[in-house]
Amino acid sequence: MQAEFWHNCWQNQRIGFHQSEIHPLLPVLFSQLNRDSSSAIFAPLCGKSLDLWWLAQHGKVTGAELSELACQQFYQQQGQEFSASPYNEFQHFSHPAVDIWQGDFFALKPEQLGYIGLIYDRAALIALPEQMRKDYVQQLKQLCQGPVSLVLLSLEYQQDEMSGPPFSVTEQEVRSLFDFASSIQLVAVRNLTGRPFAQRQFKVSQLLEKAFLIQW
Ligand SMILES: C[S@@+](CC[C@H](N)C(=O)[O-])C[C@H]1O[C@@H](n2cnc3c(N)ncnc32)[C@H](O)[C@@H]1O
């Protein structure tokens, strides 16, 4: 998807992907992690997800998000003070618990993040068309050289029944995209068939949300 597409979504508040509560699997998945409690957490393509505030109870969180509107709403809707300052082609939103790099994820440099111990991907990989998914994973690998754990929430449906985003990303594709990882575990499956995905209802014959724990 091009930047224009996402800017339009935010401008017109067509943000059906946004969840009004934290993801139900987040606390469950998090409790299964064997992580250093002080390590920093990265949330690529974070939108204004409430999951970041939940994660911030467990470590400093850094998000990456294209839309300035999304970043402003992220803090303002929780009544949180923030500051914003320019940094190269980015704007850096600062807050004691959650920082956000506002700009193009693909232009981020490792030094902007520092060492990251955990990556949280909810509706980031699946927001991107096939070629961009490859670039996304390569960029994650570049930014987080490890050791790192990735909690990935993916979505599977018959791609010819609906056009994305969200796109269907099969388990096979996940395993192929992360073929450099030392471990890829499927840790949970939610059957969302006939049920809403955040604020949207899709007319597809089957809809599965799969949670992976990936390490490299
Ligand atoms: C499907 S939404 C998911 C947002 C969030 N993860 C959530 O769970 O609500 C994808 C988000 O990625 C952002 N985005 C898309 N392309 C991006 C890019 N190249 N760099 C940074 N953010 C991007 C969009 O603006 C949008 O907020």
Side-chain angles (χ1 to χ4, degrees), residues 1-27 29-30 41-56 61-78 84 87-93 98-110 112-113 118-140 142-144 150-155 157 162-169 190 192 196-200 202 207 209-212:
M1 298 335 274
Q2 302 304 317
E4 190 69 9
F5 170 85
W6 294 107
H7 286 306
N8 280 337
C9 288
W10 283 102
Q11 204 68 49
N12 302 314
Q13 288 291 291
R14 273 191 287 104
I15 51 167
F17 53 79
H18 178 70
Q19 310 168 115
S20 55
E21 291 178 4
I22 66 158
H23 193 286
L25 285 180
L26 179 55
L29 297 172
F30 201 86
I41 302 169
F42 177 45
L45 282 59
C46 62
K48 58 171 181 175
S49 172
L50 298 175
D51 294 349
L52 274 64
W53 292 116
W54 189 90
L55 284 166
V61 176
T62 301
E65 170 54 48
L66 196 59
S67 163
E68 182 175 9
L69 265 180
C71 298
Q72 290 166 346
Q73 289 177 11
F74 173 75
Y75 298 105
Q76 285 166 352
Q77 291 179 353
Q78 298 302 310
Y87 179 95
N88 297 339
E89 65 262 61
F90 289 87
Q91 218 182 157
H92 188 222
F93 283 74
V98 185
D99 286 355
I100 303 178
W101 287 106
Q102 184 249 314
D104 182 7
F105 162 82
F106 295 97
L108 272 176
K109 299 275 185 292
Q112 287 172 262
L113 296 184
L118 175 68
I119 307 167
Y120 177 65
D121 174 329
R122 185 262 161 191
L125 180 69
I126 61 168
L128 304 172
E130 195 175 0
Q131 181 53 48
M132 283 181 92
R133 296 199 283 271
K134 295 185 179 138
D135 298 339
Y136 168 86
V137 172
Q138 287 311 308
Q139 170 70 340
L140 270 190
Q142 197 63 28
L143 292 171
C144 308
L150 161 65
V151 171
L152 169 68
L153 291 161
S154 188
L155 201 62
Y157 62 89
M162 181 177 91
S163 58
F167 295 96
S168 175
V169 181
R190 282 209 309 157
L192 297 181
F197 176 76
Q199 301 170 46
R200 296 175 69 188
F202 302 131
L207 188 66
E209 186 172 44
K210 294 193 176 178
F212 296 90

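Counting convention: from 1, in listed order, for ligands and their atoms alike. Source: prediction; values computed, not measured.
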Practice item. Would you check, one step at a time, whether the test side-chain contact (heavy atoms from CB on, under 4.5 Å) holds for Ile126 with Phe17? Key: CA-CA 11 Å; Ile126 61 168; Phe17 53 79; over 6 Å; no
Return yes or no for this condition: an N or O of [X] is under 3.5 Å from an N or O of ligand 1.
X: Ser49; answer: no
X: Asp104; answer: yes
X: Leu66; answer: yes
X: Trp10; answer: yes

Exercise for review: Applying side-chain hydrogen bond (donor to acceptor under 3.5 Å, both in side chains) between Lys48 and each of Gln77, His18, Gln72, Gln76, report the one that passes.
Suggested key: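 The option that passes is Gln77.
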Review point. Does NZ or CZ of Arg190 fall inside the cone over Phe197's six-membered ring, less than 6.0 Å from its centre and within 45° of the axis?
Key: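 No cation-pi geometry.
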Taking the inter-plane angle between the rings of [X] and [Y] on a 0 to 90° scale, is it parallel (under 30°), tilted (30 to 60°) or perpendicular (over 60°)?
X: Phe74; Y: Trp53; value: parallel
X: Phe106; Y: Tyr136; value: perpendicular
X: Phe90; Y: Trp101; value: perpendicular

Candidate with minimal heavy-atom separation from [atom], of [options]:
atom: atom 10 (C) of ligand 1; options: Gly47, Pro44, Ala123; result: Ala123
atom: atom 5 (C) of ligand 1; options: Cys46, Ala3, Pro166; result: Cys46
atom: atom 27 (O) of ligand 1; options: Lys48, Gln2, His23, Glu65; result: Glu65

Check your understanding: Touching ligand 1 at all, Gly103? Heavy atoms, strictly under 4.0 Å?
Key ->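 Yes; Gly103 lies near enough to ligand 1 that a heavy-atom distance drops under 4.0 Å.
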Review point. Quick one: CZ on Arg14 to CH2 on Trp6, what's the gap to the nearest 0.5 Å?
Key: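 Nearest 0.5 Å value for the CZ-CH2 distance: 10.0 Å.
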Point to revise | Mode of Phe105 contact toward ligand 1 - side chain, backbone, both, neither (heavy atoms, under 4.0 Å) | key: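 For Phe105, backbone and side-chain atoms both sit under 4.0 Å from ligand 1.
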Exercise for review: Check ligand 1 against Phe106 and write out every atom of the ligand that is under 4.0 Å from a heavy-atom position of the residue.
Suggested key: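 Matching atoms, with element in brackets: 19 (N).
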